[in-house]
Number of protein chains: 2
Amino acid sequence: MINDENTPRIRTERRDAAKNRQLILDTAHRLFEQFGVEQVSMNQIATEAQIGPGTLYRRYRNKGELCQDLIKDSVDLFFEDIEEYLKENGQVPPHQKLKEILSFFIRFREKKAQLLTGVEEAKSTNPLKPRTKSPLYAELHQILVELFDEMEANENTYSQSAFKADMVLMALSSDSYFFQKDVRGYSPEEILELLFITFIVK
Amino acid sequence: MINDENTPRIRTERRDAAKNRQLILDTAHRLFEQFGVEQVSMNQIATEAQIGPGTLYRRYRNKGELCQDLIKDSVDLFFEDIEEYLKENGQVPPHQKLKEILSFFIRFREKKAQLLTGVEEAKSTNPLKPRTKSPLYAELHQILVELFDEMEANENTYSQSAFKADMVLMALSSDSYFFQKDVRGYSPEEILELLFITFIVK
DNA sequence: TTGACAAACGGAGAGGTCTCCATTTAGTAT
DNA sequence: ATACTAAATGGAGACCTCTCCGTTTGTCAA
C-alpha cells in the first residue's frame with residue numbers, strides 16, 4: 001500500500017500562486033467567451049489579468065495547456081458519462097456501444113468546439129505528437145481499442161484495433177471533423193453514420 | 001475554341017520580379033537544406049536574400065505557400081507517375097490499383113517529408129480548411145474517389161467514396177502518418193498494410 | 001520573530017509573422 | 001527620348017510567443 005505521493009515533500013501551492021491561477025482562469029474564460037478562443041492571445045490574457053507574460057507562461061506553456069485546464073472538468077464529466085453507459089450496457093453488442101460512444105463524443109465536441117480546438121493546437125514548442133499528450137485522447141483511445149477488441153474477439157484476423165481507434169479519433173479531430181462539416185457539408189448525424197459504416201460494421 | 005486566357009491583358013511578370021522570385025526560391029532551398037524546413041523563418045529567408053519582409057510576403061503569404069512552390073515540380077512528376085500507372089493497368093482490380101497508389105504516395109511522402117509538412121502547416125492567416133487549397137490534396141482525392149467508386153460499382157451500398165478518400169488522406173497527413181511511425185512504431189510498409197486492411201479490402 | 005530560501009513574479013527583450021504605405025522602377029505608349 | 005503608370009520594393013511598426021533573470025514574497029523552521 002504505497003502512499004498516493006511518495007515525493008519527499010509536497011509543497012502546497014502558495015496562496016498568491018493559487019489566487020493568480022484562478023485569476024488567469026477567470027480572465028481567460030471571460031475573454032474566450034467574449035471574443036472566441038481563437039481571437040484571444042496569451043498576451044491579451046496577461047494584460048487583462050494585470051500580470052506579466054512570464055507569470056502566465058510559467059503556469060501554462062501555451063494556450064493549449066490553458067484550454068486544457070479550462071476544459072478539465074467537462075472532460076471528467078464526459079468520461080463519467082461513458083463509464084456509466086458502459087457499466088449499464090455490458091451486454092449490448094460492441095458495435096452498438098461503439099456507435100453510442102462516438103455519438104457521445106460528437107456531442108461533446110460540438111458543445112466544447114472552441115476549447116477543444118484550442119487544446120489540439122498545442123503543437124508549438126512541442127517537437128511532435130501534440131495529441132498524444134492529451135489525456136482525453138489517450139483515455140478515449142483506450143476505450144475504443146477495448147471495444148474494437150471485443151468486436152473482433154471471435155475473428156482471428158490480425159488485430160488492428162489500435163490503428164482503427166487512431167483513425168476514428170483522427171476523423172474526429174477538429175481538423176477533420178470541421179472539414180467534413182464545413183467543406184463536405186455533412187451534419188453531425190451523417191458524420192456519425194459515415195464513421196459507423198467505414199470503421200465499425202463489416 | 002477559347003483562348004487559354006481571356007483576361008484583357010496578360011501582363012508578363014516583370015524581369016526584376018522574376019529575378020527576385022528565383023532568388024527567394026534558391027535562398028529558401030538552401031536554408032531549408034541546411035537547417036531543416038521547420039527551423040527556418042520567413043524572416044531569415046528575407047534577410048538572407050537581402051530583400052524586405054514585405055517583398056517576401058507579397059509573393060508568398062506564408063511559409064506553406066513557399067514550400068508549395070518549392071515542391072511543385074515534384075508533385076507534377078508524382079502525378080505523372082500515377083497517370084502512367086493507371087493508364088497501363090486499366091484492367092487490374094481497383095483494390096490493387098488503390099494499394100499501389102497509396103504506396104506511391106507513401107514513398108513520395110517519405111522523400112519530401114519536410115516540405116510536405118511545411119505545406120500542410122499553412123493554417124495561419126487562413127480561416128479554415130488548409131488542406132483543401134492544396135492542389136495535391138484535391139487531385140489525389142479525386143483519383144481515390146474514382147477508384148473507390150470503381151470498387152463499389154457492383155455493390156449498391158450508399159456511396160461513401162468521398163468520405164473514405166478523405167479518411168485515407170487524413171491518415172496520410174503529416175500529423176497522422178508520423179504519429180503512426182514515431183509513436184506507434186509502424187514502418188511505412190506496415191502503415192500501407194493497415195490502410196489497405198482498414199479502408200480497402202472488405 | 002526572524003531569517004533563509006524556494007517559489008512566484010514581472011517585464012525587458014529576442015525573434016517571429018504579417019501589414020501598410022511612401023518610394024522606386026520596369027515596361028509601354030507617345 | 002520622355003513621360004506615364006502599375007508593379008514591385010523595403011522597412012517601419014503592430015502585435016505575437018516565449019525566455020531569461022533580477023527582484024519580491026510566502027512559508028517554514030529555528
Side-chain angles (χ1 to χ4, degrees), chain A residues 7-25 27-28 31-32 35-69 117-127 130, chain B residues 7-25 27-28 31-32 35-69 117-127 130:
Chain A
T7 41
R9 188 83 348 269
I10 287 298
R11 282 217 167 278
T12 60
E13 190 179 34
R14 264 165 56 164
R15 241 199 320 283
D16 56 344
K19 191 163 56 88
N20 255 340
R21 148 186 259 95
Q22 199 52 52
L23 174 60
I24 290 172
L25 253 24
T27 306
L31 290 177
F32 286 170
F35 301 108
V37 174
E38 190 85 3
Q39 296 307 312
V40 177
S41 70
M42 291 293 266
N43 226 349
Q44 201 177 341
I45 295 169
T47 303
E48 189 77 11
Q50 305 197 64
I51 61 175
T55 305
L56 178 52
Y57 275 96
R58 105 181 292 277
R59 204 172 302 275
Y60 301 107
R61 279 197 302 260
N62 51 58
K63 212 165 77 174
E65 290 194 359
L66 214 185
C67 290
Q68 187 120 205
D69 205 5
T117 300
V119 171
E120 288 177 19
E121 279 168 4
K123 86 166 161 41
S124 56
T125 310
N126 231 22
Chain B
T7 42
R9 207 30 45 247
I10 287 296
R11 280 215 168 279
T12 60
E13 190 180 34
R14 262 165 60 164
R15 241 196 321 280
D16 59 341
K19 191 163 56 89
N20 255 340
R21 149 188 254 94
Q22 200 51 51
L23 174 62
I24 291 172
L25 253 24
T27 306
L31 290 177
F32 286 171
F35 302 108
V37 174
E38 190 85 4
Q39 296 307 313
V40 177
S41 71
M42 291 294 267
N43 227 347
Q44 201 177 339
I45 295 168
T47 302
E48 189 78 13
Q50 306 197 65
I51 60 176
T55 304
L56 178 52
Y57 274 97
R58 105 181 290 277
R59 205 172 300 276
Y60 301 106
R61 280 197 302 263
N62 51 56
K63 212 166 76 174
E65 290 194 358
L66 214 186
C67 291
Q68 187 120 203
D69 204 2
T117 301
V119 170
E120 288 177 18
E121 278 167 5
K123 83 171 164 38
S124 58
T125 309
N126 230 21

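To find a chain, count down the sequence lines: A is the first, B the second, and so on, and within it residues start at 1.
Residue B:R21 is classed as having no contact, given no heavy-atom separation below 4.0 Å to the nucleic acid. B:S41 comes within 4.0 angstrom of sugar-phosphate atoms only, judged by non-hydrogen atoms across all strands, and of no base. At the heavy-atom level, B:R15 lies under 4.0 Å from the strands shown only through sugar-phosphate atoms. B:R58 comes within 4.0 angstrom of a nucleotide base, judged by non-hydrogen atoms across all strands. Counting non-hydrogen atoms under 4.0 angstrom, A:N43 reaches a base of the nucleic acid.
As rounded to whole Å, 19 Å separates atom P of C:dA7 from atom CD1 of A:I51. The separation between A:Y57 atom OH and C:dA8 atom C1' is 18 Å, rounded to whole Å. Taking atom CE of residue B:M42 and atom C1' of nucleotide D:dC16, one finds them 16 Å apart after rounding to whole Å. The nearest whole Å value for the distance from the CD atom in B:E13 to the P atom in D:dT9 is 9 Å. Following rounding to the nearest Å, A:K19 (NZ) and C:dA7 (C1') show an atom-to-atom distance of 15 Å. The nearest whole Å value for the distance from the CG atom in A:L56 to the C1' atom in C:dA8 is 13 Å. In this structure, the CD1 atom of B:I24 is 7 Å from the P atom of D:dT9, given to the nearest Å. In this structure, A:I45 places its CD1 atom 15 Å from P of C:dG10, rounding to the nearest Å.
For A:R58, the salt bridge (charged side-chain N to carboxylate O under 4.0 Å, His left out) test picks out no residue, with sequence neighbours left out.
By the 4.5 Å heavy-atom criterion applied to side chains, A:D69 and A:I24 are not counted as neighbours. Contact of the B:L23 side chain with the B:Q50 side chain is not registered, since no non-hydrogen atoms from C-beta on lie closer than 4.5 Å.
Screening B:R61, B:Q68, B:K63 against B:E65 for a side-chain hydrogen bond (donor to acceptor under 3.5 Å, both in side chains) leaves a single residue, B:R61.
For the OP1/OP2 pair of C:dA8 and a distance below 4.0 Å, the side-chain nitrogens and oxygens of A:T55 include no atom meeting the criterion.
No hydrogens or angles were tested; on distance alone, nothing pairs the side chain of B:R14 with the base of D:dA8 as donor and acceptor under 3.5 Å.
Map A:R59 and B:D16 each onto its nearest nucleotide of DNA chain C; the residue landing nearer the 5' end is A:R59. Both B:P53 and A:Q44 lie near DNA chain D, and the one whose nearest nucleotide falls closer to the 5' end is B:P53.
Scanning all heavy atoms of the two residues, the minimum distance from A:G118 to A:V37 falls at CA-CG1, 4.5 Å.
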